[in-house]
Amino acid sequence: NPVLMDTAFLKEYVAEIQSIQNIEVRAKVKGFLESIHVDEGQRVNAGQTLFTIRSREFEAELAEARAKVKTTELEMQNVKTLADKNIVSQTELALAVAKLNEAKAELGIAETNMSFTKITAPFSGIVDRLKFKVGSLVDEGTLLTSLSNNKDVYAYFNVPEKEYLDYKA
């Protein structure tokens, strides 16, 4: 009599394991790496500060941009008062408004650059190898580390077509 029993069929494949999220963390502005707030292999939370780039130059640009906005607001108000009294033309008022809008745009750029001096984790994960030490000069776009979310992973492997079709059948 034939024997009935459960059997397991095992087949080994080479696989590549990838995390669900894996990103390169890069500097968005040029400057000196002032501080590193994490260690290699450390688990970090979304929003946690990873690196700080020295911000003195960006603080100065921001202060200058704020001052320029205040100055051009005052100039525009003065021109508006004169334009309302028909002492200067509406064209001069339009130019003053355009100058104020330009100053506000420069302020926005300065605020954005200032925010780029603090590099934070976009999601929770594990920090990879740190490429630089404190004091290093980094350019815009310099790779500082990688961040991986290994909560779930994908396994990618190649199966010969014949085996796949046999399995599917």
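For clarity, every value in this text was computed on a predicted model and none was experimentally measured. Count residues from 1 along the sequence.
Once rounded to the nearest 0.5 Å, the distance linking CG of Leu93 with CG of Leu82 reads 10.0 Å. Rounding to the nearest 0.5 angstrom, the gap separating the CD1 atom in Ile53 from the CG atom in Leu33 is 6.5 Å. Of the inter-residue distances, the one linking Thr112 atom OG1 with Leu107 atom CG reads 9.0 Å to the nearest 0.5 angstrom. Atom NZ of residue Lys104 and atom OG1 of residue Thr72 lie 8.0 Å apart, to the nearest 0.5 angstrom. Put simply, OG1 on Thr71 and NZ on Lys99 are 9.5 Å apart, with the number rounded to the nearest 0.5 Å. Atoms CD and CZ, from Glu59 and Arg56 in turn, are 8.5 Å apart once rounded to the nearest 0.5 Å.
Annotation: side chain of Leu50 is not in contact with side chain of Leu144 (no heavy-atom distance under 4.5 Å). No side-chain heavy atom of Ile119 sits under 4.5 Å from any side-chain heavy atom of Thr49. Residues Val38 and Gln48 meet the side-chain proximity criterion, which asks for heavy atoms closer than 4.5 Å.
Its side chain within the 4.5 Å cluster rule, Val3 clusters with Met5 among the Ile, Leu, Val, Met, Phe, Trp and Tyr residues.
Looking at residues two or more places apart in sequence or on another chain, you find a side-chain hydrogen bond (donor to acceptor under 3.5 Å, both in side chains) between Lys80 and Asp84. Applying the side-chain hydrogen bond (donor to acceptor under 3.5 Å, both in side chains) test to Thr117 and every residue at least two apart in sequence or in another chain returns nothing. With sequence neighbours excluded, the residues that form a side-chain hydrogen bond (donor to acceptor under 3.5 Å, both in side chains) with Glu106 are Lys68. Annotation: side-chain contact (heavy atoms from CB on, under 4.5 Å) contacts of Thr81 (sequence neighbours excluded): Lys85. Qualifying side-chain contact (heavy atoms from CB on, under 4.5 Å) partners for Asn101, counting only residues two or more places apart in sequence or in other chains: Val97. With sequence neighbours excluded, the residues forming a side-chain hydrogen bond (donor to acceptor under 3.5 Å, both in side chains) with Glu57 are Arg54, listed by chain and number.
For the pair Leu62 and Met114, the tightest heavy-atom approach, listed with the atom from each and the gap, is CD2-CG, 4.1 Å. When all heavy atoms of Lys131 and Thr145 are compared, the closest pair comes out as CG-N, 4.3 Å. The shortest heavy-atom contact between Ala110 and Ala65 is CB-CB, 4.1 Å. Contact detail for Glu61 and Asn113: the closest heavy-atom pair is OE1-ND2, 4.4 Å. In terms of heavy atoms, Ser35 sits closest to Val134 at CA-CG2, 4.1 Å. The two residues Asn45 and Ala121 make their nearest non-hydrogen contact at O-CB, 3.6 Å.
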Can you give each donor-acceptor pair under 3.5 Å made by side-chain atoms of residues 149-156, sequence neighbours left out, with the distance rounded to 0.1 Å?
{"unit_1": "Asn149", "atom_1": "OD1", "unit_2": "Lys151", "atom_2": "N", "d": "3.0"}
{"unit_1": "Asn149", "atom_1": "ND2", "unit_2": "Gln21", "atom_2": "OE1", "d": "3.1"}

Which side-chain N or O atoms in residues 162-169 pair as donor and acceptor under 3.5 Å with protein atoms at least two apart or in another chain?
{"unit_1": "Lys162", "atom_1": "NZ", "unit_2": "Asp166", "atom_2": "OD2", "d": "2.9"}
{"unit_1": "Glu163", "atom_1": "OE1", "unit_2": "Tyr13", "atom_2": "OH", "d": "2.4"}

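Within 6.0 Å of CD on Glu64 lie no more than 12 heavy atoms contributed by other residues, nucleotides or ligands.
Listed by first then second residue, pairs satisfying ring pair (Phe, Tyr, Trp, His ring centres under 6.0 Å) with a partner in residues 26-85 number zero, not counting sequence neighbours. Sorted pairs that involve residues 111-150 and meet ring pair (Phe, Tyr, Trp, His ring centres under 6.0 Å), not counting sequence neighbours, are lacking altogether. The salt bridge (charged side-chain N to carboxylate O under 4.0 Å, His left out) pairs that include a residue from residues 16-31 are Glu24-Arg26, Lys30-Asp139, where partners are two or more places apart or lie in different chains.
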Evaluation steps, side chain to side chain contact (heavy atoms under 4.5 Å, CB included), between Val29 and Glu140: CA-CA 4 Å; Val29 289; Glu140 179 181 341; 5.8 Å; no
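Side-chain atoms of Glu34 never come within 3.5 Å of backbone atoms of Thr52 as a donor-acceptor pair (strictly under, hydrogens ignored).
Val127 pairs in a side chain to side chain contact (heavy atoms under 4.5 Å, CB included) with only one of the listed residues (Val44, Asp39, Val25, Ile36), which is Val44.
Using modelled atom types, one finds a donor on one side chain and an acceptor on the other under 3.5 Å when comparing Ser148 with Asn22.
Hydrophobic clustering (ILVMFWY, side-chain heavy atoms < 4.5 Å, transitive): Ile87 and Val79 are in one cluster.
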